[in-house]
Student: 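After the structure tokens below, expect a handful of questions from me.
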Amino acid sequence: MSNIPLSLEDRVINQSLSLVNTPALPLEDKSVLQIWGRASLKGHVEISGAKNSALAIMAAALLCPGDCRLQNVPSLVDVKRMGQILTSLGVKLERNGNTLDLNSTYLKNSKAPYELVSQLRASFFVIGPMLARLGVARVPLPGGCAIGARPVDLHVRGLQLLGAEVHIEHGTVHAYVSGSSRRRLKGAKIYLDYPSVGATETLMMAATLAEGETILENVAQEPEVVDLANFCRAMGAKIRGAGTKTIIISGVPSLHSVDYSIIPDRIETGTFLVAGAITHSELTLSPVVPEHLTSVIAKLHDIGVKVIAEGSDCLRIIPGNLQAKDIKTLPYPGFPTDMQAQFMALLSLSEGDSLITETVFENRLRHFAELNRMGADIRVEGNTAIVRGVPMLSGAPVVATDLRASAALVIAGLAAEGKTTIQGLHHLDRGYENLEAKLQKLGARLQRVKDEAEPSLIE
Ligand code: EPZ
């Protein structure tokens, strides 16, 4: 046991960590998803709140020394983990169904615990709000994951331009605002080398409480960035231009309590649209924001599937014969990288050859191998997958490699002949709320069993 006396802060952190029951690691998680394919789906899908909005907005609640009520928060493992990280920083949190009440009045700890940050990349988003509120933040590097190295150099560079001293030591990013000016960041003009969603969100949050004006150029335009900006504006932040290439923030001394509802999840919507397309099913989905899915709907039309808007927040998918089409992932409003795996499953059953080029992440094509185990004909060269359409997929035991890859395997399993068994469900549970129940309601034949050895209830 080290004899170095623990600082008060470390004692508080240790104490808060002991209160936080970190999620059980899925080390022994043997549950698998069994899917019997070729069932056609029918009915209506209820879309949940957007995971990538909820995670950023939960971090932004650190900016406000008061109550924040968030509505339409999806019940996901990632949201639970973000909640644990906020709790370890001193935030009071209470969940009632899809409503989350947060109070960051007594935000004391400036150090996010490694055990939690290492399990959720989005937890790095707390660095901007903590620095803006406390003038100091210590956040472990989130590290890479299955889809890429996931560096944070754009976040760090931007915080330095806002006047923070930032250095990385023993895998932790130490950031602090020196000087007597109430340790406030200073507005700056920042050009992002790449329209990174996370870096845009980190710097926008940090700038809300900085002295003076911040201009962020070449920023991400994703709907989740706009949702975060709207949440901060509802707390009294002065932000213009979210959703365009340039965001301007005029710093204010403090922010106030707010009651805010998260936008619907466009990636969950897209995932169910592809599930309808691949099973030749007619479905309706709501609530949705159709303009958040323009590139996805356009691509489905190209492939031969109609998607029509019914009212302001409902979509209907009309199936059709699937034609091969090329896809290139790009920052919003381009085709979303988070829909690439799902479309690879769809194009594996489309007539002809399709090229899928992944330009956003360097290692996000790995699901091709598992789809090939189900009879797909896909080969990968560099960052491009060449998908040769086949008439049929066949059910097989497969392993999910990341969140959207697991969704792609579910989609393929719904269309395949016979039974598919999917391992690695901890990936799926990070990003999809009640996926099995929603699919069962549409008539899909699937069940989650503790262990593959268990007899299946559906024959
Ligand atoms: C967000 O990740 C989303 N996650 C991702 O969704 C999504 O795929 C991604 O944006 C792109 O749309 C959340 O919002 C929680 P980036 P983020 O920074 O912010 C490089 C899902 O499935 N980069 O836009 O981490 C980076 O390596 C997840 O829901 C740097 O080089 O993505 C990547 O190649 C997966 N330096 C590219 O930018 C940096 O400092 C895009 O990353 C930051 C990023």
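Counting starts at 1 for both ligands and their atoms, in listed order.
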Student: Of all the non-hydrogen atoms in the protein, which one sits nearest to atom 2 (O) of ligand 1, and at what distance?
Tutor: Arg150 NH2, 3.5 Å

Student: If the cut-off is 4.0 Å to any non-hydrogen atom of Asp338, which atoms of ligand 1 fall inside it?
Tutor: 5 (C), 6 (O), 7 (C), 8 (O), 21 (C), 22 (O), 28 (C), 29 (O), 35 (C)

Student: Can you name the atoms of ligand 1, numbered from 1 with element, that are less than 4.0 Å from a heavy atom of Leu154?
Tutor: 36 (N), 39 (C), 40 (O)

Student: Which ligand 1 atoms are under 4.0 Å away from a heavy-atom of Lys51?
Tutor: 21 (C), 29 (O)

Student: To check your reading of the model: name the closest protein heavy atom to atom 31 (O) of ligand 1, its residue, and the distance in Å.
Tutor: Pro151 CG, 3.4 Å

Student: Does some non-hydrogen atom of the protein lie less than 4.0 angstrom from atom 20 (C) of ligand 1?
Tutor: no

Student: If you draw a 6.0 Å radius around OH in Tyr114, do more than 12 non-hydrogen atoms from other residues or ligands fall strictly inside?
Tutor: no

Student: How are the rings of Phe125 and His155 set to each other: parallel, tilted or perpendicular (split at 30° and 60°)?
Tutor: parallel

Student: Under 4.5 Å between any side-chain heavy atoms of Val79 and Met58, yes or no?
Tutor: yes

Student: Report the relative orientation of the aromatic rings in Tyr176 and His167; use parallel for angles under 30°, tilted for 30 to 60°, perpendicular for over 60°.
Tutor: perpendicular

Student: What are the atoms of ligand 1, with element, lying closer than 4.0 Å to any heavy atom of Asn52?
Tutor: 3 (C), 4 (N), 6 (O), 13 (C), 14 (O), 15 (C), 21 (C), 29 (O)

Student: Which atoms of ligand 1 sit under 4.0 Å from any heavy atom of Gly198?
Tutor: 18 (O), 19 (O)

Student: Give the atom numbers and elements of ligand 1 that come within less than 4.0 Å of a heavy atom of Arg404.
Tutor: 21 (C), 22 (O), 29 (O)

